[in-house]
Amino acid sequence: MKDLTDRLGTLFSLGDITEKRDDLAFVSVAPDLLRAVITHLRDVEGFTHLVLLTAVDWIEGGQFQLTYLVHNRTRARDIGLRVFIDREEATMAGIHDLWPTAATYQRELKEMFGIDFPGSPRIDEEFILEGWTDIPPYRRDFDTKKYAEETYFHRPGRETFDPATHMKDKLYPGEAS
Amino acid sequence: MTVQDVLSPFTAWKNLFRDPVTVRDPLTERPGAARYRGFHKNDVAECIGCGTCEAICQNAAIDMVPVDGIETKEGDSGLRPQIDYGRCCWCALCVDVCMTGSLTMSNEYTWIDSDPDAFRFVPGVDHKSWDDAELGYHRPDGHRLTPPERIVMREMDPERRIGNFEEIVDGYSVEEARAEAERCVACGLCVATCPAHMSIPDYIATIREGDYEAGLKLLYETNPFSQVCGRVCTHKCETVCAVHHEGDPIAIRWLKRHITDQVDRDRYVDIIGRPAGETGHKVAVVGAGPAGLTAAFDLARMGHAVTVFEARKHAGGMTRYGIPEYRLPYDALDADVDVIRAMGVDIKCDTPIGDKVTMTGLEKDFDTVLVAIGLHLGRSTRIPGSDHPKVAKAVDLLRAITDGETIDVPKTAVVIGGGNVAMDIARSLARLQKQIHGEVGMTVTALEDFSHFLADPEEVKESFEEGIEIFDARGPREVLVDEVGNVTGLKTWKVVSIFDDKGRFAPTYDEGDERIHVGTMVIEAIGQAADVALLGEALTEKLEWNRGRITVDADGRTSEPWLWAAGDCVNGPDVVHAVADGHRVAASMDAVLKAKELS
Ligand SMILES: Cc1cc2nc3c(=O)[nH]c(=O)nc-3n(C[C@H](O)[C@H](O)[C@H](O)COP(=O)(O)OP(=O)(O)OC[C@H]3O[C@@H](n4cnc5c(N)ncnc54)[C@H](O)[C@@H]3O)c2cc1C
Ligand code: SF4
Ligand code: SF4
């Protein structure tokens with residue numbers, strides 16, 4: 001993959017490069033370069049297939065990571081582009097004009113992380129969550145357990161025991177503390 | 001219309017006799033992929049009921065429930081996870097976090113039943129067809145959600161520590177302690193094993209939150225010897241830590257120490273809280289060791305007037321006069337004793353009970369009396385030569401070192417014994433030898449072989465590092481004395497066995513394997529007995545005894561209604577057991593004193 005990343009490096013200013021395997025590498029690029037790099041990969045380097053577009057919430061660093069994975073069918077190799085965007089102002093230029101399928105990914109990311117892709121088809125329509133009122137559920141500050149407790153009832157008859165309390169009851173019931 | 005058109009429906013018929021290109025009924029068997037996350041399996045013999053799977057499940061799908069035939073015992077709550085598949089989303093977080101690796105998933109995912117409650121069961125207990133399935137999701141090797149390795153405790157290296165009595169262990173920094181505290185899964189299995197039932201997960205949580213004052217308050221609710229125990233506790237709690245099944249147990253003892261180190265000692269009493277109003281009851285305690293002082297601490301906080309009588313110059317008992325300073329600096333012990341004094345406990349040192357002040361006198365002057373005199377008489381091997389003046393008892397020498405007495409430090413000495421006391425005296429004398437003679441000349445001979453050694457492995461390791469020679473499986477036969485009457489060494493035989501087939505102590509030796517260990521002093525460190533002379537003849541007669549020990553019930557009450565006994569002299573064997581004893585006695589005395597008020 002070094003041939004490819006070297007070529008890319010002469011054309012664009014790249015961030016961290018991670019060679020995972022002979023046929024897989026990841027490269028970080030600035031948000032405003034993403035469209036240029038990915039268009040180049042598609043049209044010049046033969047990465048014609050968009051494998052996926054996904055996100056990670058780096059809540060500690062106040063950023064979302066977007067990962068665009070594209071595939072070159074003839075040379076059977078993949079490259080992932082990593083883009084870090086601000087978590088508060090979570091907006092990114094769409095690539096649905098390059099790959100129509102990207103619109104679906106972008107709509108999912110809007111719903112699950114709250115990342116906006118202005119102009120992307122049906123971006124504001126509900127995707128799989130119906131009537132969702134909470135913060136987007138894949139944000140790490142979403143408290144899954146609390147939501148589950150509040151939203152879904154327990155089957156009647158459920159009971160749980162705290163290990164330490166149970167051990168006290170069984171092993172040293174009379175004693176203080 | 002052509003002939004072709006007429007025949008075309010029939011041309012399809014020619015395929016009738018070909019092999020089909022599709023597979024016939026592919027749906028009768030639908031195995032999940034090899035790592036499919038299907039119904040759970042649990043190896044309930046490995047599972048310890050820690051409930052970490054329940055804590056991590058984001059869908060609240062797991063309940064911890066008692067199960068027939070699985071006993072609650074130290075290190076195992078006896079509970080097992082029950083999963084509600086109405087809520088489970090098959091994420092496998094529970095499998096990834098499982099502390100023992102007992103919880104896995106089969107690749108079975110099809111199951112039909114008209115009863116919704118059938119989908120709530122205890123894997124491994126309620127048997128299912130997939131219990132023996134080999135395929136399915138298991139936590140991959142090396143994939144851990146909790147770091148398995150303990151944060152290393154920094155220690156002074158052997159060259160620097162051997163010539164002095166400075167504390168060896170550094171203590172954690174705030175960052176190190178937090179990282180260690182983050183490894184705790186807060187299951188609380190350890191609480192039952194701690195004799196004082198300290199609220200371990202709760203105080204560890206205060207380290208994560210950085211709220212040391214809250215941590216200190218929790219510590220002193222159950223243990224007034226927290227600074228002492230944070231350094232020298234035998235930490236049995238760590239042997240049942242859930243993390244130890246697949247990693248190093250949490251350094252519970254060092255975390256306790258860390259909390260006590262972080263809080264300014266001037267703040268202690270305010271944080272711990274002042275005693276209740278006076279009740280007017282008077283309690284006497286004999287012995288200012290951990291047992292006596294813990295009882296005194298509790299009773300004073302309940303509002304009783306407590307006087308402690310101590311024979312020695314200073315309070316602390318064996319924590320001061322036994323445990324060497326390099327493991328427990330005196331200022332840490334003093335700080336704990338100061339807290340106890342601040343609760344209003346009157347500690348009278350240099351006041352042995354027996355001659356001037358008698359037990360009869362205490363019985364008269366106080367409502368109740370506690371005897372917590374520890375074990376201070378060193379036992380002897382009684383081998384030939386053991387009555388020589390150059391044969392000493394470990395506890396006597398350790399006391400002399402604490403009191404700062406000048407000891408005639410021999411260039412070479414031999415210790416008999418393989419327990420922690422033997423290591424303490426060997427390492428203390430080694431330090432004095434280094435200071436006075438410039439080199440270490442200590443030999444330890446133990447009955448047990450290394451695979452059954454009594455002393456802690458760290459003690460053995462650190463002794464070796466300090467240049468002490470240890471011979472295992474050696475039975476002492478004779479203290480050798482030359483013609484002018486000087487001790488020259490110890491003769492030992494190889495130990496063949498220590499106990500007979502009934503489990504009684506009856507060592508046998510290989511006489512052909514004899515060794516002479518050179519030394520001009522021999523030290524016996526084979527155990528201690530209580531000096532009960534203080535009781536006097538009449539009380540000794542009245543009391544019930546069991547093999548040389550005063551008989552007490554679970555609350556520490558003797559057969560005399562005014563008298564309790566606690567600590568090493570009746571139970572033992574360590575500081576935290578003495579502390580636990582002290583609490584039990586205080587609660588029991590308080591109940592008796594309150595009952596008196598009512599009558
Ligand atoms: C060398 C050594 C090392 C040890 N190391 C450890 C360790 O690392 N960790 C651990 O947990 N435990 C350790 N122990 C054990 C621990 O010190 C004891 O279990 C604990 O101190 C027992 O407390 P206690 O209050 O019952 O008795 P003690 O601590 O023995 O206190 C009894 C007190 O009673 C006083 N006394 C006795 N007779 C009279 C009298 N007639 N009148 C007035 N006062 C009297 C004594 O002077 C003493 O102060 C060690 C013991 C020894 C000997
Ligand atoms: S698989 Fe996930 S949802 Fe199901 S019980 Fe385990 S942790 Fe809970
Ligand atoms: S985490 Fe593992 S060991 Fe602990 S209760 Fe759950 S299944 Fe048992």
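Chain letters run A, B, ... following the sequence lines, proteins first, then strands; residues in each count from 1.
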For atom [atom1] of [X], is the number of surrounding heavy atoms from other residues, nucleotides or ligands below 6.0 Å larger than 12?
{"X": "B/Asp115", "atom1": "CG", "result": "yes"}
{"X": "A/Tyr152", "atom1": "OH", "result": "no"}
{"X": "A/Asp3", "atom1": "CG", "result": "yes"}
{"X": "B/Tyr220", "atom1": "OH", "result": "yes"}
{"X": "A/Glu89", "atom1": "CD", "result": "no"}
{"X": "A/Lys145", "atom1": "NZ", "result": "yes"}
{"X": "A/Trp58", "atom1": "CH2", "result": "no"}

Please test A/Arg158 against B/Arg87 for side-chain contact (heavy atoms from CB on, under 4.5 Å), starting from the C-alpha separation and ending with a verdict.
CA-CA 12 Å; A/Arg158 277 188 61 174; B/Arg87 297 180 74 97; 3.2 Å; yes
Taking side chain as everything from C-beta outward and backbone as N, CA, C, O, which of these in [X] sits under 4.5 Å from a heavy atom of chain A? Side chain, backbone, both or neither.
{"X": "B/Ala587", "answer": "neither"}
{"X": "B/Ala55", "answer": "backbone"}
{"X": "B/Glu71", "answer": "neither"}
{"X": "B/Cys190", "answer": "neither"}

SB check B/Asp117 A/Arg155 (cutoff 4.0 Å)
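A salt bridge links B/Asp117 with A/Arg155.
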Which heavy atom of [X] sits nearest a heavy atom of [Y], and at what distance?
{"X": "A/His166", "Y": "B/Thr72", "answer": "NE2-OG1, 3.5 Å"}
{"X": "A/Pro163", "Y": "B/Cys187", "answer": "CB-O, 3.8 Å"}
{"X": "A/Ala164", "Y": "B/Gly188", "answer": "CB-O, 3.6 Å"}
{"X": "A/Phe161", "Y": "B/Pro66", "answer": "CE1-CD, 3.3 Å"}

Is there a side-chain contact (heavy atoms from CB on, under 4.5 Å) between A/Tyr147 and B/Asn59 once you walk through the steps?
CA-CA 9 Å; A/Tyr147 183 86; B/Asn59 294 315; over 6 Å; no
What residue in A/Asp143, A/Thr160, A/Thr165 has the most heavy-atom pairs under 4.5 Å with chain B?
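Winner by heavy-atom pair count: A/Thr160.
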Relative to chain B, which of A/Lys170, A/Met167, A/Lys146 shows the most heavy atom pairs under 4.5 Å?
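Result: the option with the highest number of such pairs is A/Met167.
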The test is side-chain contact (heavy atoms from CB on, under 4.5 Å); show your working for A/Glu159 and B/Asp63 and say whether it passes.
CA-CA 7 Å; A/Glu159 188 185 8; B/Asp63 291 323; over 6 Å; no
Taking heavy atoms only and a threshold strictly under 4.5 Å, list by residue number the residues of residues 297-304 of chain B that touch chain A; give 'none' if the list is empty.
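Checking residues 297-304 of chain B against chain A gives no residue, so none.
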Choice from B/Asp84, B/Asp76, B/Val65 maximising heavy atom contacts with chain A below 4.5 Å:
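The candidate making the most pairs under 4.5 Å is B/Asp84.
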